[in-house]
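Notes follow the structure.
Below, chains carry the letters A, B, ... as their sequence lines are ordered, and counting in each starts from 1.
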Amino acid sequence: MDYDKLADLLFPDVTDDPDQYESMYPERNLPEGACVTRLGPSPTGFIHLGNLFSAFADERIAHQSGGVFFLRIEDTDDKRFVEGAAETVIRSLDYFGISFDEGAGADGDTGAYGPYHQSERGAIYQAYVKRLVRRGQAYPCFMTEDELAGIRKTQEENKENPGIYGKWARCRDLSYEEVEERIKAGESYVIRLRSDGSNESPKYIKVNDAIRGEISMPENSMDIVILKATGIPTYHFAHVVDDHLMRTTHVVRGEEWLSSLPVHIELFDKMGWKPPVYCHTAHLMKIGENGTKRKLSKRKDPELSLDYYRKDGYHPAAVREYLLMLLNSNFEEWRIANPDIPADEFEFSVSKMSNSGALFDLDKLNDVCKDVLVKIPATELAGFMTKWSEEFKPEALHLFKGQEDYIARILDLGRDGKKPRKDLVCASQIFEFISYFFDEYFRIEEDLPERVSREDAAGILKAYLATYDHSDDQGTWFDKIRDIADEFGYARKPKDFKKNPDDYKGHVGDVSTVIRLAIVGRSQSPDVWEIQQILGKDRTENRIREFETSLERA
RNA sequence: GGCCCCGUGGUCAAGCGGUCUAAGACAUCGCCCUUUCACGGCGGUAACCCGGGUUCGAUUCCCGGCGGGGUCACCA
């Protein structure tokens, strides 16, 4: 068979010498040890937690080493195309503080290694495929879908390995004439790799995965499709060509790719290129309905969607912190030792990445949020609340927009000192947490303490109002409450009550709870005196009065 | 089913042949602090999947089971 002739028949218009691309996209001029990574999302633009997880790793590996992190849109499947994918991806990741150095962008590509949309790289792929054909390492295949399905069926029945190899690769050795004839007849065809691997007695290949160490697998023996009937390459081929030409040094991807690694290794080998360092990450898991771990699925699990966290108003810095914890097992300990250093200064290491699937733990995320939010200045959080309500709680926007100073004072309640309060988790929770500051949301949510009668409560409030002086300092203020406790037969100090419970109706805590109830509508809140200072004299007195009259009325 | 990955408390995980009567964090329980809650402090419950080897000695190495996950497309 004259492969040159076959190559020209298949690709009459392709005249490019693929070697020209080697000089068009030379080795990157980077310092020793700098890594080049990439994110290659399909163009649905939908970024989920798994992508984010992987993107953090990519970003850290590149930026920590002084390398390059770029975005390549992998739109080789026209069925999945969505307009404006690059913008969506960039926006989603930017929200979490991840930025690209080059690649696909909202306003076109930047960088010298493009195009960064696979759909625009047709000429490059074709040139290399043509060369493969010329070398006899790839061939056209005319098998129809039905034929393929039939093969699979017999293979299954005979318990043979499924796939196109050996005798099943029926188009492997077609004559030039037959190929020419079938093309003329308008038959559609794909280009398959002519694999050198043996299906019966495969050699084993060893690959050093940066996360998993040495893994050994049977070599590839399948004549996989490298160019679809549409002339567009499959993922496998595009990955090999692109990551070589774009000079990617580290490929971070999910472990679902592990099983196609032999294909990629053979492809790199046939192309005469050195494969990148592979980093196969474990999947994020969740507990399924049957109580077992399973991969998070983007169709079934809302918590995989980034919008899920945006809706609840999880702060990006917290999500980032949490994901970093899952990504690198020693991050958490580092964080405990270095509570105030930016996360970027943590020395990320690929080898410390977990190789078993981590269960997503909302409790842990919430806890991380508390620690992260307590370090964010209140004014910044106030702005965050405005943005969040703009998108997810528009009916409450007026409470935040333009009110940032007021909100900041509220959010700062009890956050100073060496033991700051940590009650802020996420925007939706914060809204709920501070809702009593908004008159339209304020209401009495809980009952009086058990030890306080309705009459006593009304009396306590009356007495409180009578002695209330908005300019009292905190000490004076609470002394007055102790006096009221005394007056109504409650112990001035809880300890007195504990010692002699029969001498009192309760203790000062019960009395202050009544006041707290009047002011915030619930029995738990930050310091009431500070709340009153923010609320102001009038609103404070009004709330006391209103609760008192409501108690008397009933 | 073939192939591959993974297997330490409820969860995330240290451990890389003896220092393991197995660290830490979250969750949980109890106590302390305290006008409530939160914070903080102290303490408790709780784990090396099973069976064979190798070894003076296995959580750690090897093999076999078992369990979980992934993958076997002209999808990525």
Side-chain angles (χ1 to χ4, degrees), chain A residues 40-44 74-77 79-80 118 141 143 145 148 152 156 159-164 188-192 202 209 211-212 215-218 222 224-236 238-239 253-262 280 282-283 285 287-288 292-295 322 325-326 329-330 332-333 335-336 354-368 370 374 413-415 417-424 433 449 478 481-482 485 490 492-495 507-513 515-517 520 522-529:
Chain A
S42 57
T44 57
E74 311 213 327
D75 47 359
T76 55
D77 181 12
K79 290 185 284 292
R80 289 206 205 178
Q118 289 183 332
C141 172
M143 286 195 282
E145 263 179 62
L148 257 12
R152 182 163 322 130
E156 269 166 27
K159 302 216 158 112
E160 294 179 57
N161 289 341
I164 302 306
S188 89
Y189 63 94
V190 299
I191 304 293
R192 284 182 186 277
D209 185 284
I211 295 175
R212 288 153 200 276
I215 48 190
S216 133
M217 308 177 86
M222 304 292 165
I224 55 128
V225 174
I226 56 176
L227 210 59
K228 306 182 218 175
T230 51
I232 296 171
T234 55
Y235 168 85
H236 307 297
H239 151 55
R253 40 142 77 149
E255 63 181 331
E256 70 271 20
W257 292 107
L258 226 30
S259 48
S260 46
L261 196 49
H280 288 98
H283 288 140
M285 317 284 274
I287 291 288
T292 62
K293 264 191 184 187
R294 59 153 233 263
K295 182 186 172 185
Y322 174 65
M325 260 171 208
L326 289 186
S329 53
N330 53 331
E332 192 171 6
E333 309 222 345
R335 176 47 89 206
I336 291 168
S354 173
N355 52 9
S356 62
L359 226 43
F360 189 81
D361 185 349
L362 197 60
D363 280 333
K364 185 85 178 182
L365 205 214
N366 287 153
D367 182 70
V368 170
K370 290 183 183 177
V374 80
L413 269 177
R415 293 212 316 160
K418 58 216 164 306
K419 291 205 287 186
R421 300 186 63 91
K422 297 182 182 174
D423 6 51
L424 278 21
F433 186 71
F478 200 68
I481 294 180
R482 289 199 202 274
Y490 294 80
R492 289 183 79 91
K493 295 186 173 167
K495 276 192 179 141
H507 61 79
V508 65
D510 297 312
V511 174
S512 72
T513 299
I515 296 163
R516 185 185 305 274
L517 220 43
V520 306
R522 37 212 199 208
S523 61
Q524 302 173 3
S525 79
D527 187 77
V528 171
W529 180 81

Rounded [atom1] spacing from [N] to [M] in Å:
{"N": "B:C33", "M": "B:A23", "atom1": "P", "value": "29 Å"}
{"N": "B:A22", "M": "B:A46", "atom1": "C1'", "value": "13 Å"}
{"N": "B:C42", "M": "B:C4", "atom1": "C1'", "value": "48 Å"}
{"N": "B:G52", "M": "B:C66", "atom1": "C1'", "value": "14 Å"}
{"N": "B:U59", "M": "B:G1", "atom1": "P", "value": "31 Å"}
{"N": "B:G68", "M": "B:A73", "atom1": "P", "value": "24 Å"}
{"N": "B:G7", "M": "B:C49", "atom1": "P", "value": "9 Å"}
{"N": "B:C26", "M": "B:G40", "atom1": "P", "value": "8 Å"}

Does a donor on one side chain and an acceptor on the other come within less than 3.5 Å for A:His283 and A:Glu256?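 Checked: A:His283/A:Glu256 side chains pair up, N/O donor to acceptor below 3.5 Å.
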I need the [X] [atom1] to [Y] [atom2] distance, nearest 0.5 Å.
{"X": "A:Arg212", "Y": "A:Glu255", "atom1": "CZ", "atom2": "CD", "result": "4.5 Å"}
{"X": "A:Arg152", "Y": "A:Ile164", "atom1": "CZ", "atom2": "CD1", "result": "8.0 Å"}
{"X": "A:Ser260", "Y": "A:Arg253", "atom1": "OG", "atom2": "CZ", "result": "5.5 Å"}
{"X": "A:Asn355", "Y": "A:Ser329", "atom1": "CG", "atom2": "OG", "result": "9.5 Å"}
{"X": "A:Lys228", "Y": "A:Ser188", "atom1": "NZ", "atom2": "OG", "result": "13.5 Å"}
{"X": "A:Ile232", "Y": "A:Leu227", "atom1": "CD1", "atom2": "CG", "result": "8.5 Å"}

Distance check needed: [N] [atom2] versus [X] [atom1], whole Å only.
{"X": "A:Ile224", "N": "B:A73", "atom1": "CD1", "atom2": "C1'", "result": "11 Å"}
{"X": "A:Arg212", "N": "B:C6", "atom1": "CZ", "atom2": "P", "result": "6 Å"}
{"X": "A:Leu227", "N": "B:C75", "atom1": "CG", "atom2": "P", "result": "11 Å"}
{"X": "A:Asn355", "N": "B:G69", "atom1": "CG", "atom2": "P", "result": "17 Å"}
{"X": "A:Phe360", "N": "B:C26", "atom1": "CZ", "atom2": "P", "result": "17 Å"}
{"X": "A:Asn366", "N": "B:A27", "atom1": "CG", "atom2": "P", "result": "9 Å"}
{"X": "A:His280", "N": "B:U71", "atom1": "NE2", "atom2": "C1'", "result": "12 Å"}
{"X": "A:Leu359", "N": "B:G7", "atom1": "CG", "atom2": "P", "result": "15 Å"}

Nearest-nucleotide wise, let me know which of A:Leu326 and A:Tyr235 is further upstream toward the 5' end of RNA chain B.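 The answer here is A:Leu326.
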Does A:Glu332 or A:Met325 map to a spot on RNA chain B nearer the 5' end, using the closest nucleotide for each?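 Upstream on the strand: A:Met325.
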Looking at the side chain of [X], which of [options] is the nearest nucleotide?
{"X": "A:Pro218", "options": "B:C75, B:G7, B:C4", "answer": "B:C4"}
{"X": "A:Arg192", "options": "B:A25, B:C74, B:A76", "answer": "B:C74"}
{"X": "A:Asp361", "options": "B:U11, B:C6, B:A23", "answer": "B:U11"}
{"X": "A:Met217", "options": "B:G70, B:C4, B:C5", "answer": "B:C4"}
{"X": "A:Asp363", "options": "B:A76, B:C12, B:A27", "answer": "B:A27"}
{"X": "A:Ser42", "options": "B:C4, B:A76, B:C72", "answer": "B:A76"}
{"X": "A:Thr234", "options": "B:C74, B:C12, B:C4", "answer": "B:C74"}
{"X": "A:Ile336", "options": "B:A25, B:G70, B:C5", "answer": "B:A25"}
{"X": "A:Glu333", "options": "B:U71, B:C26, B:G24", "answer": "B:G24"}

Indicate yes or no for a side-chain donor-acceptor contact from A:Arg516 to the backbone of A:Pro526 under 3.5 Å, with no hydrogens or angles considered.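 Side chain of A:Arg516 to backbone of A:Pro526, a donor-acceptor pair under 3.5 Å: yes, one is there.
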Using a 3.5 Å distance criterion without hydrogens, assess whether the side chain of A:Asp510 forms a donor-acceptor pair with backbone atoms of A:His507.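 Such a contact is found between A:Asp510 side chain and A:His507 backbone.
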Which part of the nucleic acid does [X] contact within heavy-atom distance under 4.0 Å: base, sugar-phosphate only, or nothing?
{"X": "A:Ser260", "result": "nothing"}
{"X": "A:Glu74", "result": "sugar-phosphate"}
{"X": "A:Val225", "result": "sugar-phosphate"}
{"X": "A:Arg152", "result": "sugar-phosphate"}

Tell me which nucleotide, if any, is Watson-Crick or G-U wobble paired with [N] when both distances must be under 3.5 Å.
{"N": "B:C72", "result": "B:G1"}
{"N": "B:C20", "result": "none"}
{"N": "B:U60", "result": "none"}
{"N": "B:C66", "result": "B:G7"}
{"N": "B:C39", "result": "none"}
{"N": "B:A27", "result": "none"}

Measuring to OP1 and OP2 of B:C74, would you say a side-chain N or O of A:Thr230 lies under 4.0 angstrom away?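 For A:Thr230, the contact criterion (side-chain N or O under 4.0 Å from OP1 or OP2 of B:C74) is not met.
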Please state whether the rings of A:Phe360 and A:Tyr322 are parallel, tilted or perpendicular, taking 30° and 60° as the class boundaries.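 If you compare the ring of A:Phe360 with that of A:Tyr322, the planes turn out perpendicular.
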Do nucleotides 34-40 of chain B as a string where each nucleotide becomes B, S or -: B if the base has a protein heavy atom under 4.0 Å, S if just the sugar-phosphate does, - if no protein is that close. SBBBBBS
Would you name the heavy atoms of A:Ile211 and A:His280 that are closest together and state the gap between them?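 Scanning both residues completely, I find the closest heavy atoms to be CD1-O, 3.5 Å.
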